[in-house]
Amino acid sequence: EYDQGLVDILNAAAIKPLSNEIINRRAFDELQSFFNLSGDLLCITGMNRCLKKINPSFIKLLGYAEKDLLGRDLLEFVHEDDRLSTDKVIANLVKQKKEKEFANRFRCSNGEFKWLSWSVAFSEDHQLLLAAARDITQNIKSNEALHKKDENIQEIFNRISDAFIALDENFRFTYINRKASEIYGHQSEELIGKVNWEVFPTTINTPFYEACLLAYKEQQYVFVEDYYKAYGRWYENHIYPSPQEISIYFRDITDKKQA
């Protein structure tokens, strides 16, 4: 006896419509094997979003028994903060008849939530939603951890007394700490992405300019003291290059020079 849910998928996939005797037995068997063995979470819902068919991976990851899922509205298991956006995506999918990709949090049987990345298609002829999902929880957690780490690093750079900037290989600003912003008289948002020499053209051909070029070309640390006419101040610069960027620490040494 054929699984009607899989027969619906086979028909929805534009394979020759199946008779009651299932003409394409091989296609059905291959589809059933794929459905059962796929590592992705696969499911079929009706237009009311109620689950009609789920594969073993769906059950294994989320921890539910099949009977606890079939016939239930998919949105019941979606995190309440993601339900509205998920509902809108599905509504647009049906309206536009185009495959949609999105992510949401799905409740497991133990009450925890998994982040799932969904790809959903709509079969107009059979009035079905065909969906595949992958667990991206670890990716989300890793990204959050990296973001937190980046925030901590930025806070450290903002607390140091030296000014600090980072330039990419084209000498565009990629980072500016609070002290550097104070010296420049610009917020970091005003400078990020802009070329240092274009923003501060008076530094071209100065000892600082030449030191930056040398450090990047030779990939070696360079120290230079320079007088900036625009500010009327002396600064010492510690320039640390890498193939992708240049990190520069600098401090005002005017009082030291005038002592």
Side-chain angles (χ1 to χ4, degrees), residues 1-15 17-18 22 24-145:
E1 181 179 348
Y2 290 96
D3 186 315
Q4 187 57 45
L6 292 179
V7 173
D8 288 339
I9 293 181
L10 206 57
N11 281 324
I15 296 176
L18 304 179
I22 311 296
N24 199 334
R25 173 77 196 209
R26 181 178 179 183
F28 176 83
D29 288 344
E30 289 176 351
L31 178 63
Q32 181 166 263
S33 178
F34 168 77
F35 192 84
N36 289 331
L37 297 177
S38 174
D40 289 343
L41 284 67
L42 304 177
C43 68
I44 312 165
T45 79
M47 296 306 298
N48 57 1
R49 300 184 306 266
C50 290
L51 290 160
K52 296 169 65 70
K53 181 70 178 176
I54 56 177
N55 73 336
S57 291
F58 210 100
I59 297 169
K60 180 180 179 180
L61 178 68
L62 302 175
Y64 294 101
E66 186 176 51
K67 63 182 179 60
D68 295 327
L69 293 172
L70 296 182
R72 301 276 294 277
D73 186 340
L74 195 70
L75 285 187
E76 290 182 36
F77 302 93
V78 174
H79 192 287
E80 60 181 7
D81 292 341
D82 299 335
R83 287 175 187 169
L84 182 59
S85 60
T86 300
D87 191 35
K88 287 183 177 179
V89 169
I90 293 175
N92 288 334
L93 165 68
V94 174
K95 183 178 180 180
Q96 299 173 7
K97 300 178 179 60
K98 292 182 179 179
E99 182 176 334
K100 296 289 184 180
E101 295 182 355
F102 61 96
N104 62 20
R105 287 162 288 184
F106 205 91
R107 189 178 71 249
C108 299
S109 62
N110 61 4
E112 296 181 357
F113 283 88
K114 295 281 189 182
W115 274 99
L116 301 181
S117 176
W118 293 89
S119 180
V120 185
F122 170 52
S123 171
E124 185 174 12
D125 290 341
H126 298 83
Q127 295 294 290
L128 294 172
L129 297 175
L130 314 177
R134 289 189 176 182
D135 180 11
I136 58 170
T137 306
Q138 193 55 49
N139 292 345
I140 295 292
K141 289 183 177 179
S142 296
N143 288 337
E144 289 177 346

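The number of heavy-atom neighbours closer than 6.0 Å to CD of Gln127, taken from other residues, nucleotides and ligands shown, is above 12.
In terms of the side chain to side chain donor-acceptor pair (under 3.5 Å) criterion, residue partners of Asp87 (sequence neighbours excluded) are, by chain and number, Arg49. For Phe77, the ring pair (Phe, Tyr, Trp, His ring centres under 6.0 Å) test picks out Tyr64, Phe106, with sequence neighbours left out. Not counting sequence neighbours, the partners of Thr137 by the side chain to side chain donor-acceptor pair (under 3.5 Å) test are Asp135. Contacts of Glu76 classified as side-chain contact (heavy atoms from CB on, under 4.5 Å), with partners at least two apart in sequence or in another chain: Arg72, Asp73. For Arg83, the side chain to side chain donor-acceptor pair (under 3.5 Å) criterion is met by no residue, not counting sequence neighbours. Residues that satisfy the side-chain contact (heavy atoms from CB on, under 4.5 Å) test with Arg134, not counting sequence neighbours, are Asp40.
The structure places OG1 of Thr45 at 12.5 Å from CD1 of Ile54, a figure rounded to the nearest 0.5 Å. Residue Asn139 holds its CG atom at 9.5 Å from OG of Ser117, rounded to the nearest 0.5 Å. Atom-to-atom distance recorded for Leu69:CG and Lys53:NZ is 12.5 Å, nearest 0.5 angstrom. Separation of atoms CG (Leu129) and NZ (Lys52) is listed at 11.0 Å; rounding is to 0.5 Å. The NZ atom of Lys67 sits 11.0 Å away from atom CD1 of Ile59, with the distance rounded to the nearest 0.5 Å. His79 contributes atom NE2, which lies 5.0 Å from atom CZ of Phe113 (distance to the nearest 0.5 angstrom).
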**OP:** Report the C-alpha separation of Phe122 and Leu130 in whole Å, then their side-chain angles, then the decisive distance to 0.1 Å, and conclude whether the side-chain contact (heavy atoms from CB on, under 4.5 Å) test is met.
**Re:** CA-CA 6 Å; Phe122 170 52; Leu130 314 177; over 6 Å; no
Original post:
Going through the distances and angles, do Leu41 and Leu116 end up as a side-chain contact (heavy atoms from CB on, under 4.5 Å)?
Top reply: CA-CA 9 Å; Leu41 284 67; Leu116 301 181; 4.2 Å; yes
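The minimum heavy-atom distance linking Leu42 with Ala132 is given by the pair CD2-CB, 3.5 Å. Residue Gly46 comes nearest to Leu128 through the heavy atom pair CA-CD2, 4.4 Å, listed as atom of the first residue, atom of the second, then distance. Closest approach of Gly71 to Cys50, counting heavy atoms only: O-SG, 3.6 Å. Taking both residues in full, the closest heavy atoms of Gly63 and Ser109 are given as O-OG, 3.1 Å, listed atom of the first, atom of the second, then distance.
The side-chain heavy atoms of Val89 and Asn92, taken from C-beta on, include no pair separated by under 4.5 Å.
Using a distance-only test at 3.5 Å, with no hydrogens or angles considered, a donor-acceptor pair links the side chain of Asp82 to the main chain of Arg105.
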